[in-house]
Amino acid sequence: MSRLHAYNTPRFSRYCAAFTLTALLASPAFAHVGLHDAVGLAAGFAHPLSGLDHVLAMVAVGIWAAQMQGSAKWILPLTFPLMMVVGALPGLMGIALPGIEMGIAASVVVLGCLVAFAIRLPTALGAALVALFATLHGYAHGAELPQQASAALYAAGFVAATALLHMAGLSLGQFAHSTMALRGVRLAGAASGAAIAACGVLLTAGAM
């Protein structure tokens with residue numbers, strides 16, 4: 001079985017679901033690593049989960065990666081957290097950048113539309129688009145580093161949460177792809193993307 005074909009099996013979907021469940025069960029363990037460390041890890045892990053814009057964008061990346069198929073299924077979910085760390089650096093350093101909230105809201109709209117219409121781009125172009133959005137989300141995470149928290153552990157926390165959200169989206173997208181013959185599943189995918197885009201529009205209006 002080829003590597004790409006292995007990504008298209010129900011077993012891969014089960015692995016994604018198992019990873020997601022394991023991450024959810026393991027997250028409370030952050031409280032046992034020491035008070036100072038827990039501040040950074042727990043705060044970093046909670047930050048992507050505490051904002052609807054972050055949750056929708058990161059889940060949408062996972063769904064879109066599953067729709068794209070091929071190498072995009074691992075390139076997009078890897079690109080986002082890596083570039084998010086890069087984007088977090090100016091935020092951690094206190095460098096002010098304009099239009100971040102607007103850009104984050106716009107990313108939700110764009111990703112929602114990509115999912116709704118199941119648009120397939122060349123993997124390099126898709127990765128570049130994801131990288132752009134990731135830097136915006138990363139800046140927002142970095143700018144909200146709690147006082148007395150370890151920046152490295154805080155970054156590790158939000159990267160872990162981001163990976164969890166990507167895997168959740170990838171699991172959903174892969175399930176839909178594996179049952180693609182069902183018209184209802186295709187419509188559900190379009191509806192979910194439209195809902196994400198609609199939320200993005202509301203977030204954009206709020207950021208104005």
Side-chain angles (χ1 to χ4, degrees), residues 13 16-17 19-21 23-24 27 43-68 72-85 87-88 91 99-121 126-144 155 157-177 185-208:
S13 298
C16 289
F19 176 87
T20 301
L21 179 61
L24 285 170
S27 60
F45 188 87
H47 196 269
L49 304 176
S50 64
L52 181 62
D53 49 0
H54 298 307
V55 171
L56 291 176
M58 294 169 193
V59 170
V61 167
I63 297 175
W64 189 41
Q67 290 176 334
M68 292 262 286
K73 291 175 67 175
W74 59 269
I75 289 178
L76 300 190
L78 282 178
T79 297
F80 198 102
L82 289 175
M83 291 306 299
M84 194 170 58
V85 172
I100 294 297
E101 292 301 323
M102 180 67 72
I104 289 174
S107 74
V108 178
V109 176
V110 173
L111 288 167
C113 289
L114 291 170
V115 170
F117 296 102
I119 295 174
R120 294 190 179 186
L121 300 177
L129 186 62
V130 165
L132 172 62
F133 293 153
T135 57
L136 300 175
H137 286 266
Y139 177 89
H141 295 326
E144 298 187 20
F158 68 66
V159 166
T162 297
L164 172 64
L165 291 170
H166 286 338
M167 292 301 290
L170 190 60
S171 298
L172 291 172
Q174 184 61 26
F175 172 77
H177 179 77
V185 173
R186 286 199 293 263
L187 291 176
S192 63
I196 291 173
C199 289
V201 171
L202 294 176
L203 291 168
T204 302
M208 290 181 176

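Small disclaimer: the values here were computed from a predicted structure and weren't measured.
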Original post:
Hey, are the side chains of Leu170 and Ile63 touching, using non-hydrogen atoms and a 4.5 Å cut-off?
Top reply: no

**OP:** Apply the side chain to side chain contact (heavy atoms under 4.5 Å, CB included) test between Leu114 and each candidate in Val109, Leu129, Val61; give the one that qualifies.
**Re:** Leu129

**OP:** Grab the two heavy atoms, one from Ala72 and one from Ala65, that are nearest each other, plus how far apart they are.
**Re:** O-CB, 3.6 Å

Original post:
Is the shortest heavy-atom distance from the side chain of Thr135 to the side chain of Met84 under 4.5 Å?
Top reply: no

**OP:** Specify the closest pair of heavy atoms between Leu111 and Ala60, including all atoms of both residues, with the distance to one decimal.
**Re:** CB-CB, 3.8 Å

Original post:
Shortest non-hydrogen contact from Gly126 to Leu76?
Top reply: C-CD2, 3.6 Å

Original post:
By side chain to side chain contact (heavy atoms under 4.5 Å, CB included), which residues pair with Ala131, not counting sequence neighbours?
Top reply: Thr79, Met83

**OP:** Grab the two heavy atoms, one from His54 and one from Ala140, that are nearest each other, plus how far apart they are.
**Re:** CE1-CB, 4.0 Å

Original post:
What are the two closest heavy atoms between Cys199 and Leu56, and how far apart are they?
Top reply: CB-CD1, 3.5 Å

**OP:** Would you please name every residue forming a ring pair (Phe, Tyr, Trp, His ring centres under 6.0 Å) with His166, sequence neighbours left out?
**Re:** Phe80

Original post:
Roughly how far apart are Ile75 CD1 and Leu82 CG, rounded to 0.5 Å?
Top reply: 11.5 Å

Original post:
Does some side-chain heavy atom of Leu165 sit less than 4.5 Å from a side-chain heavy atom of Thr162?
Top reply: no

Subject >> Atom pair CE/OG of Met102 and Ser107 - distance to nearest 0.5 Å >> reply: 12.0 Å

Subject >> Within-4.5 Å side-chain heavy-atom neighbours: Ile104 and Tyr139 >> reply: no

Original post:
So do the side chains of Leu164 and Phe45 get within less than 4.5 Å of each other, counting heavy atoms only?
Top reply: yes

Original post:
Would you say the side chain of Val130 lies within less than 4.5 Å of the side chain of Trp64, judging by non-hydrogen atoms?
Top reply: yes

**OP:** Report the distance from atom CD1 of Ile196 to atom SG of Cys113, rounding to the nearest 0.5 Å.
**Re:** 10.0 Å

Original post:
Hey, does the side chain of Gln67 reach the backbone of Gly173 with a donor-acceptor pair shorter than 3.5 angstrom?
Top reply: no

Original post:
Is there a side-chain contact between Lys73 and Met68, using heavy atoms and a 4.5 Å cut-off?
Top reply: no

Original post:
Any idea which heavy atoms bring Pro48 and Val55 closest together, and the distance?
Top reply: O-CG2, 3.3 Å

Original post:
Is the His141 to Phe158 ring centre distance short of 6.0 Å?
Top reply: yes

